[in-house]
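Here's the structure, in structure tokens; my notes come after.
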Amino acid sequence: MEFVDMLKSVARKWLDRWERDRVFEADPDSSRPKFFITAAFMYPNSPAHMGHGRTYLVADVLARFWRMRGYDVLFPMGFHYTGTPILAMAERVASGDRSFIEVLVKRFDVPPNLIEKMKDPLFMARYFHEESKRVFKEYGLSIDWRREFTTIDPEFRKFIHWQFKKLKDMGFIVQGSHPVGWCPKHQMPVGAHDTQGDKEPDIGEFVAIEFSDGELRYPTATLRPETVFGVTNLWVNPRERYCVIELENSGKKWVVGEKACERLQYQLRFKVVECFEGSELVGRVVRNPVTGEKVPVLPAEFVDTSFATGVVMSVPAHAPYDAAALLDLKKRSDLPQQLLEVVRSIEPRKIIDVPGIEEPLALFALRKYGISSQEDFEKLEEATKFVYSTELGRGSMIKDLHEKVPAAEGYEHLAKEISGASVQVARDRVREELLNRGDGRIVYEIINKPVYCRCGSEVVVKLLENQWFINYGDPRWKELAKKLLSSMKIVPEEARAQFLATIDWLRRRACARTRGLGVPLPWDPSWIIESLSDSTIYMAFYTVVNRIREAKLDPEKLSEEFWDYVLLGKGSSSDVARKLGVDESTVERIRREFDYWYPLDWRVSGKDLIPNHLTFFIFNHAAIFPESKWPRGIIANGWVLLKGGKMSKSRGNIVLLKDLVHTWGPDPTRLAMAIGAEVPQDFEITDDLMKTAISYIRRVYTLIKELREKCRNVSNGVADRWLVSKVFKLIDEAGKDLENVRIRSAAIKVFSQVAQAVEEYLSMVEAPSREVVEKISDAWVRSLAPFTPFIAEELWEQLGGESYVSLARWPEAREIDYEALLSVELASRVIEDVKSIARATKKERIRMVAIYAYPASVCSAVRVALSCSSVRDIGKALTEAGIPKDRAFKLAQRMIRVLRELDDEAKELLRNACIDEVEALKELSSYIAKKVGADRIEVYSALDAEAPDLGGKKGAAVPLKPGIYIE
RNA sequence: GCGGGGGUGCCCGAGCCAGGUCAAAGGGGUCGGGCUCAGGACCCGAUGGCGUAGGCCUGCGUGGGUUCAAAUCCCACCCCCCGCACCA
């Protein structure tokens with residue numbers, strides 16, 4: 001724990017200095033290339049949590065890396081106040097919701113004396129905003145905080161107004177009606193966060209098919225309009241009340257359940273004519289609008305008169321409920337004789353075929369699930385699910401549908417057209433036809449009814465009229481979006497398909513709502529722009545917001561001309577300046593700033609935002625900006641999980657970033673986020689992971705200390721050259737990893753693999769060379785900086801580095817000493833082989849190891865063997881190297897085998913280096929002896945006729961695989 | 001249902017797009033050893049099976065196919081995860 005305490009105090013020290021020296025404030029600098037990265041801003045309805053920690057770390061590591069690569073880096077952050085959840089939360093506080101207040105106090109550490117103020121949603125937003133910002137700073141994010149803003153700032157409002165005017169001018173904003181979950185008491189739309197148990201109201205689109213008795217219409221609501229061909233009767237609930245309503249526009253008179261009536265008023269305009277008992281409807285005869293057949297209205301208790309219209313069409317061949325109710329009815333003796341005869345004459349009519357099942361599927365399902373009455377609700381639900389999904393998935397309309405069923409006037413062609421068609425196709429066709437001919441109309445209902453608002457009222461469906469939409473369905477726009485997508489880098493690449501699919505199926509999206517914090521629609525301020533619609537191009541706003549404030553421009557004067565000039569370069573700076581009452585140069589400077597930073601280089605966010613925010617981000621950039629300002633890439637990172645489960649804000653089972661940073665320190669938290677998994681993958685946050693991160697840091701920290709303490713003015717020959725090459729090679733590879741957003745891999749290289757190499761070096765030499773230590777510790781500390789900047793600054797200072805390591809250059813790749821790398825590679829292969837032999841021979845103690853290796857003269861033959869596998873060519877090269885012909889060809893064959901099994905890295909070494917194996921192994925013999933625990937190592941040339949041939953191993957030698965004899 | 005992704009050794013995961021160099025990277029766990037007060041801290045080694053000389057056999061969801069050669073390509077099937085909108 002002492003080490004963690006040290007890390008924490010080091011962090012405080014450097015945090016203060018960074019702030020003091022404004023290290024991460026970014027201004028345009030034409031002498032350097034620029035790099036602009038943003039992460040999705042947070043919605044401050046709770047403190048920042050581990051998920052934010054991960055997304056922002058990804059952005060920060062890249063920002064820091066590119067800064068060290070010499071780029072002028074801008075990494076800003078803002079806060080997204082837009083939305084309704086905070087409203088719902090403030091309301092819960094206001095209503096004295098105990099459990100919720102407990103979450104605030106106990107989990108989120110809100111001081112109890114502030115709870116009262118949390119009744120104000122704006123206060124709540126500000127509170128969590130400020131707290132999160134504090135934590136982000138402690139976390140070591142290299143953010144330019146001068147550019148921070150919230151989405152309720154007046155400047156931002158004007159910016160969004162400009163964007164929406166642009167979209168409207170391009171014809172991408174349309175108006176229409178739209179169903180939403182609605183609380184009758186609040187008179188407001190409700191989302192999942194407004195309901196009891198956070199249950200999402202699931203809105204289903206039903207077709208109400210109008211059966212008629214000449215005067216009244218009986219709208220039967222169904223999700224399966226294609227089954228209208230199989231209707232044998234209608235159902236009403238005889239124990240409930242029904243009403244006749246007159247629809248305002250058409251004047252049609254509908255018979256609907258009394259309870260349904262109350263719910264339907266939110267989507268239809270009508271007046272109630274009269275109400276009566278459902279039993280009065282029983283026995284009436286109505287006409288099927290599609291087949292023209294006359295069918296009776298019959299009683300069934302399973303009918304829920306509050307659901308949709310409360311009138312149901314009966315398709316006993318394909319709906320288990322209908323089948324069960326019909327069977328029940330046939331057994332009843334209390335019906336009037338005449339009706340009973342009608343009932344008994346009803347036979348299910350099969351209109352859908354399912355391969356392999358001859359009988360109508362509903363009847364099959366009754367037997368399969370053992371259903372004997374319409375009261376078997378649970379079994380009936382299961383059977384219904386089975387029938388619906390089976391028929392939709394595998395079913396098709398019967399081949400001779402048009403011969404089996406009559407057709408009403410106007411529907412003569414429909415049955416023929418869909419005969420034999422799949423249920424999916426038939427459903428859409430029938431639906432379309434019914435709606436077109438005015439025999440059906442859409443009604444909505446909550447499928448998972450009942451859903452209750454937090455206030456206790458049952459949620460209904462409200463048809464919002466005059467709703468504003470962004471029309472992502474516009475084919476011109478889709479094309480542009482696809483073009484933009486194809487020009488972008490996507491991490492992970494697998495997500496590209498998902499983006500493409502999303503672009504394809506996006507239609508229109510409601511972009512404004514009736515309440516919540518945010519920006520009002522410019523042309524209709526009674527609507528607030530919805531949160532995913534006001535956050536699509538705000539990255540551009542970061543580039544100029546600080547300049548606008550600095551110049552003290554009046555937000556109200558930030559006209560469309562202003563934004564046109566600044567963001568698109570349209571119009572003239574002098575006009576804009578005059579209207580603003582400022583110097584032309586001020587306006588020009590703002591324009592230049594945008595022009596310098598844009599386009600965005602990387603957009604980082606959680607992968608959950610791919611089908612919404614990130615796709616909207618693509619669409620809107622494609623619409624608003626010219627191609628030269630289109631974003632260059634998207635990084636979608638995975639989740640941080642908590643013991644296998646997902647976190648849930650409302651239940652308070654989340655890990656706050658603050659808690660991680662305060663418990664473990666910022667550097668370990670950052671490193672854990674980096675090594676938990678590669679960017680696209682999920683990982684679990686555990687104490688073990690945190691401890692691993694700490695041990696990585698400790699290992700590096702103590703090794704650097706040890707190197708510096710133990711080093712002497714000595715030279716260790718090949719070991720020195722090996723370490724320098726190895727370390728620089730690893731760091732260079734880590735740099736390539738970071739270029740490709742392989743953050744985990746890069747972190748493991750600099751924290752673990754470099755440390756391993758250093759440890760290996762320490763076991764090779766008596767004392768580390770001072771020159772080597774200076775070279776590698778300087779580079780090593782630099783390479784740590786993107787991941788664990790605080791301890792890196794501390795070490796940098798100890799090494800005597802100037803300024804900040806955060807501003808230093810990433811180590812340049814340097815000449816690699818392939819001979820040294822190959823020598824050690826050879827030695828470690830020998831070590832492996834010796835161990836393998838000892839294991840196979842069960843030798844516990846090794847007295848002596850004799851090694852037969854090749855001198856440098858075989859190098860050219862090795863090169864030949866690397867590029868081809870012709871025994872003749874290799875053999876020839878070996879002969880030229882002085883190897884007797886009789887041995888050369890056998891050796892060539894073995895070389896092919898050995899070389900084939902090498903990995904790319906070893907091959908690279910062989911191509912670039914030529915070593916005398918004998919000399920190299922002699923030099924490293926004490927290292928080998930140490931590693932294998934041998935008393936003595938003898939190295940001979942395999943070509944030395946004088947050397948003893950122990951165990952006949954002299955002839956076993958192959959280049960890179962020396963012959964080995966052990967005792 | 002529609003759309004997207006995926007099934008690899010005890011577990012997590014790389015590799016598959018550009019077939020051989022893959023018994024298959026890297027973690028974790030487990031076992032053994034060391035560091036010798038102790039260890040959940042750290043280090044070393046082992047971890048499919050067999051093997052007294054560095055080797056052999058089996059193997060990457062299931063079943064087929066293409067090929068001299070398949071974890072990698074093709075077909076079918078089974079299973080899992082994610083998204084589906086007014087919710088940030």
Side-chain angles (χ1 to χ4, degrees), chain A residues 3 40-45 80 82-86 178-181 189-194 198 200 203 388-389 392-393 423-424 427 464 467-470 472 492-502 504-514 516 530-533 535 606-613 639 649 675-678 680-684 686-689 691-692 694-695 698-699 702 744-745 748-749 752-753 759 763 829-830 832-843 897-904 906-907 931 951-953 956 961-966:
Chain A
F3 185 70
F41 52 15
M42 70 172 285
Y43 184 63
N45 69 336
H80 197 197
T82 307
T84 51
I86 289 182
H178 184 65
V180 294
V190 288
H193 52 266
D194 301 308
D198 286 346
E200 175 90 45
I203 297 173
Y388 281 26
S389 65
L392 182 64
V423 166
Q424 284 173 54
R427 179 170 300 173
L464 283 179
Q467 171 68 263
W468 291 99
F469 296 90
I470 298 183
Y472 292 120
E493 188 53 41
E494 288 81 0
R496 189 182 296 278
Q498 202 186 345
F499 276 111
L500 208 52
T502 306
D504 272 331
W505 69 242
L506 267 181
R507 301 287 174 253
R508 42 175 221 178
R509 178 186 171 85
C511 64
R513 68 159 84 90
T514 51
E530 171 274 338
S531 59
L532 284 172
S533 301
S535 57
K607 64 181 180 183
D608 47 326
L609 299 188
I610 292 172
N612 43 68
H613 163 71
W639 312 103
K649 277 189 199 174
I675 63 176
E678 206 54 273
Q681 256 97 49
D682 300 344
F683 67 85
E684 270 180 44
T686 58
D687 284 4
D688 279 351
L689 176 64
K691 285 174 186 164
T692 302
I694 291 169
S695 72
R698 185 187 353 235
R699 185 173 171 202
T702 52
R744 177 177 186 271
S745 168
I748 286 173
K749 284 198 175 82
S752 182
Q753 295 184 15
E759 283 163 356
S763 74
R829 278 169 189 273
V830 168
E832 278 304 305
D833 281 353
V834 170
K835 284 181 180 171
S836 170
I837 293 163
R839 192 163 45 245
T841 55
K842 298 198 166 52
K843 283 197 168 63
R897 259 180 46 208
V898 168
L899 293 176
R900 204 181 54 199
E901 282 171 16
L902 295 180
D903 53 35
D904 290 341
K907 281 183 185 166
K931 292 297 260 189
K953 290 296 162 185
K961 198 164 181 64
I964 294 166
Y965 171 80
I966 66 177

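Side chains are part of it too, since the values below use all heavy atoms of this structure and drop only hydrogens, waters and symmetry mates.
Heavy atoms of A:Arg508 sit under 4.0 angstrom from at least one base atom. Counting non-hydrogen atoms under 4.0 angstrom, A:Ser745 reaches nothing in the nucleic acid. Residue-level contact check: A:Arg513 touches the backbone only, with heavy atoms under 4.0 Å from sugar-phosphate atoms and none from bases. Within the 4.0 angstrom heavy-atom criterion, only backbone atoms of the sugar-phosphate kind lie near A:Arg699; the bases stay farther away. Counting any heavy atom pair closer than 4.0 Å across all strands shown, A:Ser533 reaches no nucleic acid atom. Base contact: A:Tyr965 has a heavy atom under 4.0 Å from a base atom. When heavy atoms are screened at a 4.0 angstrom cut-off, A:Pro44 is found touching no nucleic acid atom at all. At a threshold of 4.0 angstrom between heavy atoms, the contacts of A:Ile610 with the nucleic acid are absent.
Legend: residues meeting side chain to side chain donor-acceptor pair (under 3.5 Å) with A:Asp608, ordered by chain and number and at least two apart, are absent. Listed by chain and residue number, nothing satisfies the ring pair (Phe, Tyr, Trp, His ring centres under 6.0 Å) test with A:Tyr965 (two or more places apart in sequence, or in another chain). For A:Arg427, the side chain to side chain donor-acceptor pair (under 3.5 Å) partners are A:Glu226, not counting sequence neighbours. Not counting sequence neighbours, the partners of A:Arg509 by the side-chain contact (heavy atoms from CB on, under 4.5 Å) test are A:Tyr472, A:Glu530, A:Leu532, A:Ser533, A:Phe616. By the ring pair (Phe, Tyr, Trp, His ring centres under 6.0 Å) test, A:Phe41 is found to be paired with A:His80, A:Tyr538, residues two or more places apart in sequence or in another chain being considered. Residues satisfying the side-chain contact (heavy atoms from CB on, under 4.5 Å) test with A:Thr84, not counting sequence neighbours, are A:His193, A:Arg513, A:Arg515. Scanning for side-chain contact (heavy atoms from CB on, under 4.5 Å) contacts around A:Arg508 gives A:Phe469, A:Asn471, with sequence neighbours left out. A:Thr514 pairs by the side-chain contact (heavy atoms from CB on, under 4.5 Å) definition with A:Pro189, A:Trp527, not counting sequence neighbours. A:Lys607 pairs by the side chain to side chain donor-acceptor pair (under 3.5 Å) definition with A:Asp682, not counting sequence neighbours.
With rounding to whole Å, A:Ile964 atom CD1 is found 7 Å from B:rG54 atom C1'. If you take CG of A:Asp608 and P of B:rA88, they are 14 Å apart, rounded to a whole angstrom. Taking atom CG of A:Leu609 as the reference point, atom C1' of B:rC82 lies 13 Å away to the nearest angstrom. Rounded to whole angstrom, the span from the CD1 atom of A:Ile86 across to the C1' atom of B:rC87 amounts to 14 Å.
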Would you tabulate the pairs of protein nitrogen or oxygen atoms and nucleotide nitrogen or oxygen atoms of nucleotides 6-14 of chain B closer than 3.5 angstrom?
{"from": "B:rA14", "atom 1": "OP1", "to": "A:Gln681", "atom 2": "OE1", "distance (Å)": "3.1"}
{"from": "B:rA14", "atom 1": "OP1", "to": "A:Gln681", "atom 2": "NE2", "distance (Å)": "2.6"}

Set out, line by line, the N/O atom pairs under 3.5 Å between protein and nucleotides 15-17 of chain B.
none

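Side-chain proximity of A:Pro611 to the nucleotides B:rG83, B:rG3, B:rA88 is greatest for B:rG83. Comparing B:rA88, B:rA85, B:rA41 by their closest approach to the side chain of A:Arg698 singles out B:rA41. You'll find that the side chain of A:Leu506 is closest to B:rA85, out of B:rA85, B:rG4, B:rA88.
Between A:Ile470 and A:Cys511, the shortest heavy-atom contact is CG1-CB, 3.4 Å. Taking all atoms of both residues into account, the shortest heavy-atom contact from A:Ile610 to A:Ala495 is CD1-CB, 3.8 Å.
Comparing B:rG61 with B:rC10, their P atoms are spaced 13 Å from each other, to the whole Å. Distance check on atom C1': B:rG29 versus B:rC77 gives 34 Å, rounded to whole Å.
Rounding to the nearest 0.5 Å gives a distance of 5.5 Å between CD of A:Gln498 and OG1 of A:Thr502.
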(request) Convert the base pairs of RNA chain B into dot-bracket notation, remembering that pairs crossing earlier ones are written with [ ] and that bases paired across to another strand are shown as |; include only Watson-Crick or G-U pairs under 3.5 Å. (result) ((((((((.[[[..)....(.....]]]((((((.......))))))(((....)))...[[[[[..)....]]]]])))))))....

